[in-house]
Amino acid sequence: MAVIRSSVESANDGRTEFPLSNLPFGVFRHPNASARIGVAIGDQILDLQAAAKDGLLTGLDEDITVSCEQDSLNALMSLGREGSRALRARLMEFLSEQSARSRVEPLLVPQTRVKMLLPVRVGDYTDFYASIYHATNVGRLFRPDNPLLPNYKYVPIGYHGRASSIVIAGVEIRRPCGQTKAPDATAPSLGPTRALDYELEVGFFVGRGNARGAPILISEAESHIFGMCLLNDWSARDIQAWEYQPLGPFLAKNFGTTISPWVVTMDALEPFRAPAFARPEGDPNPLPYLSADEDRLRGGIDLKLEVWLSTAKMRAEKAEPMRLSQGNLRDLYWTLAQMLTHHASNGCNLQPGDLLGTGTVSGASRDSLGCLLEITKRGAEPVELPNGETRKFLEDGDEVIFRGYCEREGHARIGFGECRGVVLPARNC
Ligand code: CA
């Protein structure tokens, strides 16, 4: 299949994460200007408010035009897949016409000149636990004889996270204080976490929601998903170990969650769909409400994911970040559709802009583990960095960088941009 060229030259160089076939949505701000919606194209952003003013969106439903003039993606998300699909088709046509080049240019803003903002007002945030490798590895550290709990292969496990502390990539994360208790201590104490970790995850946003009391069929689940981003579920393992029973994660995780700025649509990911995880012989089939042929055949996404670390010392020495791991979203035991369907199966109403996290994406191999807890076996086997430093968990000044991209013969490579965050020292506890 021929890759269609854009009139924006930087979108055609084969290296960009944002070729014409990607067009992810985000919210940006020029210095001293208000927040606006744009799509990434090459190293530029197409300003959708300016595009609407220019008459470029004329003929599309008025709802779509109005949604492009907001300062968040929520209105566009509420229009469902059809809304963003019609808008993308229009933008793709416009950005591929070489004759429209002079009309395109005034609507472009270089990505280096703007600040990216949270693209969505997230009403609710839920984090799942969809990698069976992660669940098994973590379970083994805490319960060596019984790593995987008996509900795992039936229930897409999740917990309700905290929307207020979701931040855009680049915002620093302060080391949290919390209660911890060493195994040999008689009582817990309050102090900065000594086991700060990242979790490599993908976030997906709800587009059109469902009414309270009205579950979502698995066959319709994907029509409720707008698109995806990278997500870092920062976690304080020592706080988590002391607080997590019996109700699950709480203060160990709700102090900060970082997301990447661009929302890659499900339409852009279409060429990279893959079969769902193949359950090994002997595993139960999902219950019927979580089971559909289409989901089994195409419920996976071949999305490669990488974690990079740059310490303060490495940056001072002008050393490149070090890659800690590389994984793939295909390794998830549960599909996005199964997670979303399960979430709404009791009648819980999901709303446009709700954020669902997949849980840490870990694979079977040693180099595909999505957090330091697994990589260092809870600190027992520290990672050695090229400059002689070692890490059991994150230190102050460490920067964690996630990258994600899809590649397939005959298609332009598309990427997600970066999900970055630097760890700041704790405040006085
Ligand atoms: Ca998580």
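Order of listing sets the numbers, starting from 1, for every ligand and every atom in it. Please read all numbers here as calculations on a predicted model, not as lab measurements.
Of the possible donor and acceptor atoms, one in the side chain of N22 sits under 3.5 Å from a partner among the backbone N and O of E17. Counting only distance, with no hydrogens or angles, the side chain of R279 and the backbone of Y333 share no donor-acceptor pair below 3.5 Å.
Excluding waters, the protein N/O/S atoms found under 3.0 Å from the Ca ion (ligand 1) are D127 OD2, E199 OE1, E201 OE2, D233 OD2.
One distance of note links CG of L356 with OH of Y125; it measures 9.5 Å at 0.5 Å rounding.
By the 4.5 Å heavy-atom criterion applied to side chains, S325 and L369 are not counted as neighbours.
Across the pair C229 and C419, the gap between the SG atoms, which is the quantity tested here, reaches or exceeds 2.5 Å.
Taking the centre of each ring, H343 and H224 stay at or above the 6.0 Å mark.
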